[in-house]
Amino acid sequence: MKKNPALQPVNLLDVARVAGVSRATASLVVRGSPLIAPPTRERVLEAMKQLGYIYNRGAANLRQSRTHTIGLVLSNIANPFFSELTAGVDDVNDANDVVCFIANSVESPERQARQIQRLREHNVDGVIICPAIGSNDTLLEDLQRLSLPYVQVLRHVPYGSGDYVAADYALGIEKAVKHLVETGRQKIMFVGGMSVHSAAVARLDGFHRAMALHQLPDDMVVAGKWGNTYDEVELDRLLLGSNPPDSAICYNDIMALALMSHLQRRGYTLGDNFAVIGMDDLPQAAAAYPPLTTIATNPRMIGQTAATLLQKRLEAPDRPTERIILPANLVIRASSEAHTS
């Protein structure tokens, strides 16, 4: 029985014949080679469209021992910070013809371990990971056992191992304290104090160092909790005490926005008799009332840098480890206006 030609799969040689080029040239076009002149590229692309040719990326990946996929393991994708970071990763992935699988550990090392195993089963080339609270050396041992190149973002375990990208949290807080002092504040509290991972430690240590630099007391620290909340009982104890704070630096913008609402319900005039500063410069910060002063940590740039670093690691597995700390800048808005009382 004669086969219907219309049902036959279209191959690259068919595309080459219609485009009037060699199969090798057609192959270079589908692989995105810069060696092909634009007119030739257009002819091949038009032939692909006309014939309905679909590039078999799976077969090409097998030949190249690369899948052009990566894993992005985040600790809490409900946090809008991670949306910006993911967008940055995608910027670089798109330019490098890479697809990303996103996983959410929900701050669970056990769930994180399962996700890493599944990503390996999908044969990703490497992973970008923000380690869950409670992660330890076992995380990196698992990545090495599975032969998965990795870049840690925002947090790292153990302290000092592997490729890593983050913002300079301590420098950002130093700038925030300096700004508050210059606007007449002397009784500064830190809201969201934790020591559960490296990024939290860096923030809290930065607060203590900055306060010491200005010879100010650093004992007003309100504990933070998982899920971007803080200890409201401790906060109110400080606010109602004999020596109440006149300003606050918060672990992140989410806590700062919650604190602003808390203070406004209690009759505080933000930016006048009480200043609030957040961290991250999320879009919600500028839209708040009053607009929130914040430490910009550039999550999109962190994502771009991490994705670039992972691609460099994949191209050269034995290259020296890189640790990139991006600058943090203070964005001053109305929530920290000059003290008038």
Side-chain angles (χ1 to χ4, degrees), residues 74-76 79-82 84-85 88 107 128-133 135 151-181 188-214 216 218 220-230 247-259 275-282 285 292-306 309 322-332 335-336:
L74 302 174
S75 58
N76 179 15
N79 186 335
F81 178 93
F82 287 114
E84 288 293 309
L85 186 147
E107 300 290 11
I128 297 170
I129 183 166
C130 176
I133 292 173
S135 297
V151 176
Q152 297 180 85
V153 290
L154 310 178
R155 312 169 182 173
H156 55 86
V157 292
Y159 293 76
S161 296
D163 291 329
Y164 171 61
V165 181
D168 195 336
Y169 307 114
L171 176 62
I173 289 177
E174 181 180 324
K175 292 177 180 179
V177 169
K178 181 175 183 289
H179 167 67
L180 291 173
V181 171
I188 307 168
M189 69 174 173
F190 185 80
V191 177
M194 298 176 282
S195 298
V196 293
H197 50 67
S198 63
V201 170
R203 285 166 162 89
L204 192 54
D205 286 352
F207 174 73
H208 289 310
R209 288 200 301 271
M211 295 296 280
L213 186 64
H214 292 276
L216 295 174
D218 63 353
M220 288 194 286
V221 176
V222 176
K225 301 179 182 180
W226 186 89
N228 296 308
T229 61
Y230 53 81
S247 53
I249 298 171
C250 299
Y251 178 89
N252 61 21
D253 286 346
I254 297 174
M255 286 192 191
L257 293 170
L259 175 63
V276 177
I277 297 179
M279 178 177 283
D280 291 335
D281 195 22
L282 299 178
L292 175 64
T293 295
T294 185
I295 301 162
T297 54
N298 298 307
R300 188 162 192 145
M301 186 180 295
I302 290 174
Q304 292 169 343
T305 305
L309 193 52
E322 280 195 64
R323 297 175 58 77
I324 301 175
I325 307 299
L326 299 173
N329 300 305
L330 187 66
V331 180
I332 299 173
S335 72
S336 64

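Using a 4.5 Å cut-off on side-chain heavy atoms (C-beta onward), P131 and Q152 make contact. With contacts defined as side-chain heavy-atom distances shorter than 4.5 Å, the pair L204/S195 qualifies. Here the side chains of N298 and L326 are not in contact, with every heavy-atom distance at 4.5 Å or above. Residues H179 and I277 have side chains in contact (heavy-atom distance under 4.5 Å, counting atoms from C-beta outward). Contact check for V181 versus L216: side-chain heavy atoms found under the 4.5 Å cut-off.
For D218, the side chain to side chain donor-acceptor pair (under 3.5 Å) criterion is met by H208, not counting sequence neighbours. Residues meeting the side chain to side chain donor-acceptor pair (under 3.5 Å) test with R300, sequence neighbours left out: D91.
Atom-to-atom distance recorded for R203:CZ and D205:CG is 12.0 Å, nearest 0.5 angstrom. In this structure, L282 CG and T294 OG1 are separated by 7.0 Å, a value rounded to the nearest 0.5 Å. Atoms OG and CE, on S247 and M220 in that order, are 7.5 Å from each other to the nearest 0.5 Å. Between the CG atom of L259 and the CE atom of M189 there is a distance of 5.0 Å, given to the nearest 0.5 Å. In this structure, CG in N228 is found 11.0 Å from SG in C250, a value given to the nearest 0.5 Å. In this structure, CG on N252 lies 9.0 Å from OG1 on T297, to the nearest 0.5 angstrom.
In plain terms, the two heavy atoms of G192 and Y251 that are nearest each other are O-CD1, 3.6 Å. Between A176 and I249, the closest heavy-atom pair is CB-CD1, 3.8 Å. The minimum heavy-atom distance linking T229 with M255 is given by the pair O-CE, 3.3 Å. Across all their heavy atoms, G278 and A256 have their closest contact at CA-CB, 3.7 Å. Residue S198 comes nearest to R155 through the heavy atom pair OG-CA, 3.2 Å, listed as atom of the first residue, atom of the second, then distance. When every heavy atom of F207 is checked against every heavy atom of I188, the shortest pair comes out as CZ-O, 3.6 Å.
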For residues 168-175, dump all side-chain donor-acceptor pairs below 3.5 Å to protein atoms at least two apart in sequence or in another chain.
from, atom 1, to, atom 2, distance (Å)
D168, OD1, L171, N, 3.1
Y169, OH, L154, O, 3.4
K175, NZ, A328, O, 2.9
K175, NZ, N329, OD1, 3.3

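S335 places a side-chain N or O within donor-acceptor distance of the main-chain N or O of T293, the cut-off being under 3.5 Å. In this structure, the side chain of D253 engages the main chain of M279 through a donor-acceptor pair within 3.5 Å.
Between H156 and Y164, the ring planes are perpendicular. Angles over 60° get that label, and only those under 30° would be called parallel.
M301 CE: 12 or fewer foreign heavy atoms inside a 6.0 Å radius.
Using a 4.0 Å cut-off between a side-chain N of Lys or Arg and a carboxylate O of Asp or Glu, K225 and E107 do not qualify as a salt bridge.
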